There are 2 protein chains.
Amino acid sequence: MGIIERKEREKEQRRNDILDAAEKVFFKVGFENATMDEVAEMAELSKGTLYLYFSSKEDLYYAISIRALQVLRQLFEKTVPAGAPVLDKIIAIGKAFVQFAREKSDYFKTLVYFSSLPDCHEAIDRYEKLCEEKADPMSFFIQVLQQGIDEGKLRSDIPALQLAHILWTQTTGILNLAATKNIHFDLKDCSEDDLINNHIEIIKNGILKKG
Amino acid sequence: MGIIERKEREKEQRRNDILDAAEKVFFKVGFENATMDEVAEMAELSKGTLYLYFSSKEDLYYAISIRALQVLRQLFEKTVPAGAPVLDKIIAIGKAFVQFAREKSDYFKTLVYFSSLPDCHEAIDRYEKLCEEKADPMSFFIQVLQQGIDEGKLRSDIPALQLAHILWTQTTGILNLAATKNIHFDLKDCSEDDLINNHIEIIKNGILKKG
DNA sequence: TTTAATATATGACTGTTGGTCAAATTTTGG
DNA sequence: CCAAAATTTGACCAACAGTCATATATTAAA
């Protein structure tokens, strides 16, 4: 009697198919310009079906944001060697974040927009679930920072949680700036790498243990 | 024959009236939920008239963003003493920014959202004009940083322009985080001030001249 | 003052699109 | 094979951004 389980799997599969289609459409024409009819056509389903799996267009967007978080987390897992010295780990996380912003720029932009939105985190069970299970990228980062503090490599007067959020938002801002620097015409002729390296240069001494 | 001038003034006045109305509506119910009919009603004009002054709903939003930039710039002018030591000036700018994010939170949010948007800066004559005239807050900041570099108070290996953008995005990110920290439930029990002060603590040594 | 020309304002109308739901189709269990 | 349950469909609706022919107000000339 594995029918219920199979149905469960099929439902999850459908959900993923819809998300695949939505990603294609959203990333191609942008969230605002995309229509639910287009997504339905791409998914080879009727529009009504979409609403059986997602309560709204926004809900679809949020679900893609969750995916983005999962992808980033996986990149961390893959890239950051578990046994390495903690400072190397931190560097690896930074590099992975840069790589994510470059190679998965659609996902990155999704996250930037996601976090600029007011009241979006709530109402997403899956996001809360992700956080509770510590399966989000931020939790990973916090753990490594805590390790750094415990080992006396990082300053200990700022709690890991706060440190993580501060560095995270700072870095997200810079990566977004680097990605959109062509908009700021006065920044056109400095490289992304310059921006990122200078950013690191500025905060580096701010987080290390003195002496 | 001051008729043309008067008409010019009246047009600008109308434009401002519409913006006032749009601000009220947008800030009250949010940009997405607001309708052009509501704005028209608030402005005591017909919807058609709005479109004589602004090409779209987005255009209205952008115009409000420009206002936000002007307000912030004026706050800088008012708050930052021209003759003060340059490091004091920088601190004053930081404080003014914090004040802006707190007391003019609607404008602040407008700017955050504005800069997270792809391709929005172009197509706005008034924004480019503001930048060209160095009447935007960023230009003000750059000038002060340049002064700091020239006087040997700040590190000189990072150009003022880049330094400004880096600090700007970092700080915007933190202020936004502080403003929305209630969303990140794990941050609920640390104060905004903590976040901001720790942020400053981290970058402080990174921008000062060594020694 | 009258009038023609120009500038400005109006609101009914349209096309698009997010979201709904009664009916149709498929699947399940007896 | 059939009825009950689950799933899918697409015609339909309401809301809303944006348009435009018409109306009103203003200006400059006669």
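First the proteins, then the strands, lettered A, B, ... as listed; each starts at 1. In this text the structure is predicted, and so the values were computed from the model without any measurement.
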Less than 3.5 Å apart, which donor and acceptor atoms pair up between the side chains of residues 17-26 of chain B and the rest of the protein, not counting sequence neighbours?
| unit_1 | atom_1 | unit_2 | atom_2 | d |
| --- | --- | --- | --- | --- |
| B:D17 | OD1 | B:Q13 | NE2 | 3.0 |
| B:D20 | OD1 | B:R67 | NH1 | 2.9 |
| B:D20 | OD1 | B:R67 | NH2 | 3.0 |
| B:E23 | OE1 | B:Y107 | OH | 3.1 |
| B:E23 | OE2 | B:R67 | NH1 | 2.9 |
| B:E23 | OE2 | B:Y107 | OH | 2.7 |

Restricting to side chain to side chain contact (heavy atoms under 4.5 Å, CB included), what partner residues turn up for B:E77, sequence neighbours left out? B:R73, B:F140

Output the rounded distance in Å from CD1 (B:I18) to C1' (C:dT8). 12 Å

Non-neighbouring partners of A:E201 that pass side-chain hydrogen bond (donor to acceptor under 3.5 Å, both in side chains), sequence neighbours left out: B:R155

Using five base pairs at each end to define the local axes, how bent is the helix from C:dT1-D:dA30 to C:dG30-D:dC1, to the nearest 10°? 10°

Taking protein heavy atoms under 4.0 Å as touching, what does nucleotides 6-17 of chain D look like 5' to 3' if B marks base contact, S marks sugar-phosphate-only contact and - marks none? SSBBB-----SB

Partners of B:E44 by side chain to side chain contact (heavy atoms under 4.5 Å, CB included), sequence neighbours excluded? none

Set of residues satisfying side chain to side chain contact (heavy atoms under 4.5 Å, CB included) with respect to A:D193, sequence neighbours excluded: A:R102, A:S191, A:N197

Applying salt bridge (Lys or Arg N to Asp or Glu O under 4.0 Å), which residue pairs with at least one partner in residues 26-36 of chain B are found, sequence neighbours left out? none

Roughly how many Å is it from CZ in B:F54 to C1' in D:dT19, rounded to a whole number? 18 Å

Using a strict threshold of under 4.0 Å (side-chain N to carboxylate O), is an ion pair present between A:K57 and A:E38? no

From CG of B:D17 over to P of C:dA9, roughly how many Å is that when rounded to an integer? 11 Å

Can you list everything that forms a salt bridge (Lys or Arg N to Asp or Glu O under 4.0 Å) with B:K11? Sequence neighbours excluded, please. none

